[in-house]
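First the structure, in the form of structure tokens, and then the observations on it.
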Protein chains: 2
Amino acid sequence: MNKAFKALSDPTRRKILELLKDNDLTAGEISECFNISKPSISHHLNILSNAELVLRDKQGQHVIYSLNTTALQDILKWTFDFVEGGNKNENKN
Amino acid sequence: MNKAFKALSDPTRRKILELLKDNDLTAGEISECFNISKPSISHHLNILSNAELVLRDKQGQHVIYSLNTTALQDILKWTFDFVEGGNKNENKN
DNA sequence: TAAACATTTAGACAATTATCTAAATATATA
DNA sequence: TATATATTTAGATAATTGTCTAAATGTTTA
């Protein structure tokens, strides 16, 4: 889960995930959405993949990236436990 | 929200939040839970406070820290939109 | 008021990170 | 097979970050 939090701490990577929420995209299509070099985007995609936040599917010379919500579900659960359970001073029974 | 994600990307800071889930604690009590110097813990607490993840309450010479779920609610919502809305290939109607 | 205690600030340093360019790899096509 | 295209790898560099020690600040109490 540490990998996922680290991966999400960068705004570029979060924006990549938001792009993939609408459509699966190739590495090239993703890089076109940023003023950042392709190798840098590739690096970000690698971090997202390592954190199990995206999936790769090689189709010929293209690599199609898609969302993988596995790690996000853990984060959702972790976060929810704070927002939901945050009443320690209200019900001390 | 960027500050919050950045703040959450460090394991020590996430552990601090988990400690505060159970009890409000002073800076000193928090630092006792780690093999890290007090100034370093103070630095982490500052980052958490800046990200609106904790609240400070100065009581005499002690500073009591408590959870602030404000920023976590934003993160929860952001994350939920992926886990919940991640069905773009299933219902294209 | 002086001493003890709690916390933060200041400044330094090593490790990590985001970025770049150049080169390598892999695939498709003329 | 040669060339063009898509992507990643390698290596360098500047900025950021987590940590430390020493010092400063603020508060309590003897």
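In the text below, chain A, chain B and the rest are named by the order of the sequence lines, each starting its count at 1.
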Report yes if some heavy atom in the side chain of [X] is under 4.5 Å from a heavy atom in the side chain of [Y]; otherwise report no.
X: B/Phe34; Y: B/Lys15; answer: yes
X: B/Leu8; Y: B/Leu17; answer: yes
X: A/Phe82; Y: B/Glu18; answer: yes

DNA chain C contacts among residues 25-43 of chain B, heavy-atom distance under 4.0 Å: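 Going residue by residue through residues 25-43 of chain B, the ones with a heavy atom under 4.0 Å of DNA chain C turn out to be B/Thr26, B/Ala27, B/Gly28, B/Lys38, B/Pro39, B/Ser42.
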Sorted by number, the residues of residues 57-65 of chain B with heavy-atom contact under 4.0 Å to DNA chain C: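 Within residues 57-65 of chain B, the residues near DNA chain C are B/Gln61, B/His62, B/Val63, B/Tyr65.
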Minimum heavy-atom distance between B/Ala71 and B/Ala51, given as atom pair plus value: CB-O, 3.3 Å
Minimal non-hydrogen separation, A/Ile75 against A/Met1, with atom names: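 Shortest heavy-atom contact: N-SD, 4.2 Å.
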Spacing of [X] atom [atom1] relative to [N] atom [atom2], expressed in whole Å:
X: A/Asn50; N: C/dA18; atom1: CG; atom2: P; answer: 13 Å
X: B/Ile16; N: D/dG18; atom1: CD1; atom2: P; answer: 11 Å
X: B/Asn46; N: D/dT25; atom1: CG; atom2: C1'; answer: 15 Å
X: A/Lys6; N: D/dT16; atom1: NZ; atom2: P; answer: 17 Å
X: B/Arg14; N: D/dG18; atom1: CZ; atom2: C1'; answer: 14 Å
X: B/Leu8; N: D/dT17; atom1: CG; atom2: P; answer: 14 Å

C/dA18 phosphate, OP1 or OP2, under 4.0 Å from A/Arg13 side-chain N/O: yes
Short side-chain N/O contact from B/His44 to OP1 or OP2 of D/dT19, under 4.0 Å: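 Answer yes for this pair, as a side-chain N or O of B/His44 is under 4.0 Å from OP1 or OP2.
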Sugar-phosphate, base or nothing in reach of B/Asp10, heavy atoms under 4.0 Å: sugar-phosphate
May I ask you to decide if [Y]'s main-chain N or O and [X]'s side chain share a donor-acceptor pair within less than 3.5 Å?
X: A/Asp24; Y: A/Ser66; answer: no
X: B/Asn23; Y: B/Leu25; answer: no
X: B/Thr26; Y: B/Glu29; answer: yes

Distance-only donor-acceptor pairs under 3.5 Å for side chains of residues 53-60 of chain A, two or more places apart:
unit_1  : atom_1 : unit_2  : atom_2 : d
A/Arg56 : NE     : A/Tyr65 : OH     : 3.0
A/Arg56 : NH1    : A/Ser49 : OG     : 3.2
A/Arg56 : NH2    : A/Asn46 : OD1    : 3.3
A/Arg56 : NH2    : A/Tyr65 : OH     : 3.2
A/Asp57 : OD2    : A/Gln59 : NE2    : 2.9

